[in-house]
Amino acid sequence: MYKEVHKSLLDWYDKNGRHELPWRLTNDPYKVYVSEIMLQQTQVKTVLERFYFPFLERFPTLMDVATSELDDVLKKWEGLGYYTRAKNLHNAARQCGGILPNNVHDLMQLSGIGRSSAHAIAAFAYREPLPILDANVKRILHRYYALIKRDEKKLWEYAYALFDTNHPFEYNQAMMDVGATVCLAKNPLCTVCPFESWCAGKPSPLSYPESKPKTQKPVRHHAIIIHQRENRFALRQRRKRFLHALWGFDQQEPKPYGEFLGHITQHYSHFTLEADLYLSHERFEDEEFEWFEIDEIEKLSLSRADHKAVALLRYNHKKREEHTGDSKS
DNA sequence: GAAACGTGGTG
DNA sequence: TCACCAAGTTT
């Protein structure tokens, strides 16, 4: 049925596939696993250039993750976002005793591994003849079959329908690459697509699937307060889901709390933070908080917004030294 | 099943 | 400038 389609796809993959991706060259399931988690909702470029290699250098094996502290894992995840992934990775490593399961069922029992990641790990790391279904494949399927509605269950059926059981590994990799480089969300390059002759959505690729109703992100106003006591500053480790386990400064309702240091805007996945930053020398007692010298703060894992706060603190400090003529440090 | 969950790149 | 997107999972 799909013989010609599969041939077209494989030919395209041979010539145009991203054959140099490191997690595609390794035969270490752990490395494939790490790549799959890092790549969730994250661009290849970011993972490749800033996170994949440093993480593996610090944690060469899953056992290293299992025997390390969450704070250490988080430090290597700092800046990558969706920090629950790091928490889940750490938890999963301990769940399986540092030995990654080799089948979809057992993989899915681990924290942070859903059906999509389980199939990807099984297919890429263990060469299981299973179709994958990620955002790339979904976009291709929606267009190929001209599917308007988003339906997870049906998409899996189509994923199995189009799957090439004779070349499972190459097929899956090829689908990822077509989705990432040809069947693009905004500007699909249909003229060079291996599916061109059979794609039902080609006349109007942007129609599949139907776009979600656009909602504007709410803006939340806060004050970020840097409490200072001599040469130390107060930070606490977050306990809730948002930016879980990351350290940060005090955050309160928007009003003046001392010396104004600047304004911080940070766009999160579901809201925008607008915060004024203050330096306070008022007495501050809270068991949640610990006191750090400025250089010690850098050793903690901080969110982007809190890093901006540190930068403003340093900038302000430096500016003051210039004014007082004090040029030490 | 909808909403929560980060950050950087892009048009 | 800003909405949208990029290899999803959990609640």
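All heavy atoms count here, side chains included; hydrogens, waters and symmetry mates do not. None of the values given here were measured: they were computed from a predicted structure. Numbers restart at 1 for each chain; the letters A, B, ... are given by sequence-line order, proteins then strands.
Qualifying salt bridge (Lys or Arg N to Asp or Glu O under 4.0 Å) partners for Glu78(A), counting only residues two or more places apart in sequence or in other chains: Lys75(A). Considering only residues two or more places apart in sequence or on other chains, Tyr208(A) meets the ring-ring contact (aromatic ring centres under 6.0 Å, His included) condition with none of them. Residues that satisfy the ring-ring contact (aromatic ring centres under 6.0 Å, His included) test with Phe51(A), not counting sequence neighbours, are absent from this structure. Taking the ring-ring contact (aromatic ring centres under 6.0 Å, His included) definition, one finds that Phe59(A) meets it with Phe55(A), sequence neighbours left out. Taking the ring-ring contact (aromatic ring centres under 6.0 Å, His included) definition, one finds that Tyr126(A) meets it with nothing, sequence neighbours left out.
Listed by residue number, the members of residues 14-21 of chain A with any heavy atom below 4.0 angstrom from DNA chain C are Arg18(A), Leu21(A). Shown for residues 297-314 of chain A: no residue has heavy atoms falling under 4.0 angstrom of DNA chain C. Using a 4.0 Å cut-off on heavy atoms, the residues of residues 126-139 of chain A that approach DNA chain C are Asp134(A), Ala135(A), Asn136(A), Arg139(A), listed by number. A heavy atom closer than 4.0 Å to some atom of DNA chain C occurs in no member of residues 143-162 of chain A. Non-hydrogen atoms lying under 4.0 Å from DNA chain C are contributed by Glu36(A), Leu39(A), Gln40(A), Gln41(A), Gln43(A), Val44(A), all within residues 35-67 of chain A.
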Under 3.5 Å, which donor-acceptor pairs link side chains of residues 179-192 of chain A to any protein atom two or more places apart or in another chain?
unit_1	atom_1	unit_2	atom_2	d
Thr181(A)	OG1	Asp177(A)	O	2.7

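For Arg241(A), the side-chain atoms get nearest to dT11(C) when compared with the rest of dT11(C), dA7(C), dG6(B). Side-chain atoms of Lys186(A) lie closest to dT10(B) of the nucleotides dT7(B), dT10(B), dT9(C).
Here Gln216(A) lies out of heavy-atom contact (under 4.0 Å) with every strand. Note on Ala185(A): only backbone sugar-phosphate atoms sit closer than 4.0 angstrom, heavy atoms only; bases stay farther off. Using a 4.0 Å heavy-atom cutoff across all strands shown, Trp77(A) reaches no nucleic acid atom at all. As judged by a 4.0 angstrom heavy-atom cut-off over every strand, Tyr82(A) is placed among the base-contacting residues. At a threshold of 4.0 angstrom between heavy atoms, the contacts of Gly79(A) are confined to the sugar-phosphate backbone, with no base atom among them. Residue contacts for His244(A): at a heavy-atom cut-off of 4.0 Å it reaches no nucleic acid atom on any strand shown.
When Arg229(A), Arg232(A), Lys299(A) are each tested for a salt bridge (charged side-chain N to carboxylate O under 4.0 Å, His left out) with Glu293(A), only one passes: Arg232(A).
Separating the P atom of dA7(C) from that of dA4(B) is a span of 23 Å, rounded to the nearest Å. Nucleotides dG8(C) and dG1(B) have their C1' atoms positioned 15 Å apart, rounded to a whole Å. Between dA3(B) and dC4(C), the two P atoms lie 15 Å apart (nearest whole Å). Taking the P atoms as reference points, dT9(C) lies 23 Å from dG8(B), given to the whole Å.
Below 30°, between 30° and 60°, or above 60°: for Tyr268(A) and Phe271(A) the angle between ring planes is between 30° and 60°, a tilted geometry.
Pairs of residues two or more places apart, or lying in two chains, that qualify as salt bridge (Lys or Arg N to Asp or Glu O under 4.0 Å) and include a residue from residues 198-210 of chain A are Lys149(A)-Glu210(A), Glu196(A)-Lys202(A).
When the P atom of dC5(B) is taken as reference, atom CG of Asn88(A) falls 14 Å away, rounded to whole Å. Taking atom OH on Tyr268(A) and atom P on dA3(C), their separation rounds to 17 Å, with Å as the unit.
A continuous path of hydrophobic side-chain contacts links Leu312(A) to Ile297(A) [ILVMFWY only; heavy atoms under 4.5 Å].
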